[in-house]
Amino acid sequence: MTVALLYSITGFLLFLMGICGLIFRSSLIRRALALNITASGIFLFIVAQAYKGESALPDPVPHGLVLTGIVIGASATALMIYLIGVLRYVSPGDNDSGEEE
Amino acid sequence: MTAHLVITVVLVPILASIFTLFCGDMMRRVVCQIAGLTVLGSTCLIAYQTGHSRDVLNIVLSGWEAPLGIRLYLDGLSALLLLTTAIIAVCITFFAEAYFGVKARSGRLTFFWPLWFLVWAALNGLFLSGDVFNLYVTLEIINLAAVAMVALPRTHESLKAALNYLVIAFLGSLSYLFGVAILYTSHGTLDIQLLAELAGIDGPYILAAVLIFIGLMIKTALFPLHFWLPPAHASAPTPVSALLSGLVVTASAYMIIRLGFTVFAPLMHTPLTLLLGVLGGLAVLWGSVHALIQERVKMVVAYSTVAQLGYVFLALPVVVSGSDLAAMVWYGVLYFVICHACAKTAAFLAAGTLINVVKHDRIAQLSGAAQHWPMVFMAFGMAGVNLIGLPPSGGFIGKWLMLQAMINSGQWLLVLILIAGSLLAAGYIFRVLGIALQTSEDSRPPVPAPLQLTLTTMILAVLPLLLGVFSQLPFSLLAVGSPFGALP
């Protein structure tokens with residue numbers, strides 16, 4: 001149990017670190033990283049909950065949750081990095097699309 | 001039979017999303033229309049059968065029972081939301097087709113269609129989810145697709161808005177996921193009904209509730225976490241603004257009501273709801289005041305969303321006082337949310353039609369516009385009637401139920417905020433209408449507003465009024481599987 005508890009606490013600390021990074025950093029890339037650390041913290045916490053003791057088999061459901069979470073996290077990160085990338089080439093007032101406004 | 005229809009309404013938009021990604025322009029339009037009308041037809045049948053049989057339906061997909069499998073859950077509330085979403089969605093589809101016009105035949109704007117159907121599929125999935133984790137997955141699909149749609153114009157403004165939206169929405173969903181993980185750890189299930197039976201107030205339960213509610217508050221743009229909403233909703237192309245403000249926020253408001261009255265029902269009977277009520281009240285006032293001072297129609301409507309969503313939380317403190325009042329709040333808030341979805345979409349579409357003909361939406365320069373485009377402003381006005389909460393709109397019925405519950409429990413402060421919010425709403429609606437209704441000297445023949453735009457806007461603007469006049473049917477549908485039975 002102590003190992004699982006250690007993982008849970010580490011996960012929670014990572015979660016808090018990520019949130020702090022998100023609040024106190026203004027650089028967009030750093031924020032994207034902070035969000036990833038937050039997500040990793042949560043995933044670590046969830047996986048730690050699967051541990052059911054020395055002799056018992058681990059619970060598969062948390063793994064399923066984390067896998068889905070990772071996929072969503074990866075997509076969100078990819079989208080974020082893409083947006084940050086495009087933002088660098090479009091300056092305010094630029095309107096390269098011909099859309100209204 | 002209903003089971004197949006239920007799967008249809010999730011599957012067809014997903015298939016449409018894939019098809020529209022690959023097929024050419026003509027084919028794409030056919031796919032859009034067929035998919036839209038198929039889902040609309042299916043949801044009509046679902047609503048009819050649910051109202052007729054008065055049974056809730058549990059569908060276990062491919063025989064995998066919870067917790068590993070996916071269980072769809074259909075009650076009156078889900079059925080009504082599916083139907084409302086389908087009507088709004090079909091209108092937005094036809095509107096978008098005419099609005100984007102030739103621009104969307106090639107280039108970046110074609111990506112609107114796959115993203116839009118993805119959002120629709122996820123919305124339907126969300127309204128049908130029977131467990132807290134599928135709610136998370138569907139909400140994430142909605143958000144990722146919505147962010148991509150906000151970024152479509154690729155202006156500096158819209159990219160910044162999309163990025164802020166993505167960061168805050170991702171944070172919200174992580175918070176929600178953490179809460180779900182804690183719930184699973186302490187109760188060993190993700191099923192909403194099972195969780196509702198097992199729920200008892202203890203440490204992990206409160207922590208989970210706080211995390212889940214923070215996540216949903218971010219997504220619902222509750223004050224003070226609302227800052228991302230107006231730029232994202234106003235800088236997107238109009239059909240996107242409409243579906244964000246009309247449908248996407250409805251999804252998270254729905255989750256708050258759904259979870260609040262099942263899994264977190266024990267907490268709703270504690271004074272913790274007071275905090276939500278206070279924040280809701282601040283949102284109503286803050287959003288309304290800001291809507292009053294905006295210079296562009298779309299910004300007015302976007303800030304109005306912040307204000308209107310505040311009402312979802314405003315009435316929650318009343319739930320403590322007794323189950324009769326709780327039932328009134330439940331019905332009132334849900335009816336309010338459903339009517340708001342129609343009216344807000346109509347208001348954005350009206351603004352979009354205006355942009356289509358005048359090429360801007362700056363209020364100060366709209367003087368006399370109503371005499372050129374009377375139908376557009378009539379639609380805006382009818383949507384406004386609902387946003388203000390005047391009879392005979394459905395928004396009035398929702399607010400009236402909330403108001404009665406507040407008066408019966410003696411929460412006079414909430415009553416005052418609700419009235420103040422309605423007056424301010426009247427202010428920002430009539431400010432736009434007032435300028436537009438001025439007579440102008442401009443006698444140049446105006447560009448007529450395209451029929452397809454005016455018509456879809458009009459349908460959505462009339463809908464809340466119909467919901468107000470014929471409220472019996474939707475209320476009897478809502479009562480199917482409601483936690484309170486029929487409205488006392």
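In what follows, chains are A, B, ... by sequence order, proteins preceding strands, each numbered from 1.
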> Tell me, side chain or backbone of B:Phe133 under 4.5 Å from chain A's heavy atoms, or both, or neither?
side chain
> If we only count heavy atoms from C-beta on, is the B:Tyr136 to A:Ile72 side-chain gap below 4.5 Å?
yes
> Got A:Leu79 and B:Phe170 here, is their nearest side-chain heavy-atom distance under 4.5 Å?
no
> Could you measure the distance from the OG atom of B:Ser158 to the CG atom of A:Leu87? Nearest 0.5 Å is fine.
9.0 Å
> Please check if the number of heavy atoms outside B:Glu295 that lie under 6.0 Å from its CD is greater than 12.
no
> With side chains defined as the heavy atoms from C-beta onward, is the minimum distance between A:Ile84 and B:Leu159 less than 4.5 Å?
no
> From A:Met80 CE over to B:Leu144 CG, what is the distance, rounded to the nearest 0.5 angstrom?
9.0 Å
> Pair B:Val167, A:Leu28 - check side-chain contact (heavy atoms from CB on, under 4.5 Å), show working.
CA-CA 10 Å; B:Val167 168; A:Leu28 290 171; 5.9 Å; no
> For chain A, which candidate among B:Arg362, B:Lys160, B:Glu140 shows the most heavy-atom pairs at distances under 4.5 Å?
B:Glu140
> For chain A, find which of B:Asn356, B:Val180, B:Leu163 contributes the most heavy-atom pairs closer than 4.5 angstrom.
B:Leu163
> Hey, what do you get for CG (A:Leu83) to OH (B:Tyr165), rounding to the nearest 0.5 Å?
12.5 Å
> When rounded to the nearest 0.5 angstrom, what is the spacing between CZ in A:Phe45 and CD1 in B:Ile182?
5.0 Å
> Do you know which of A:Val66, A:Leu22, A:Thr77 has the most heavy-atom pairs with chain B at a distance under 4.5 angstrom?
A:Leu22
> Checking heavy atoms, do the side chain of B:Leu166, its backbone, both or neither come under 4.5 Å from chain A?
side chain
> Non-hydrogen atoms of chain B under 4.5 Å away: do they reach the side chain of A:Leu65, the backbone, both or neither?
both
> A:Ile19 vs B:Leu171, test: side-chain contact (heavy atoms from CB on, under 4.5 Å). Steps then yes/no.
CA-CA 8 Å; A:Ile19 301 275; B:Leu171 186 63; 3.5 Å; yes
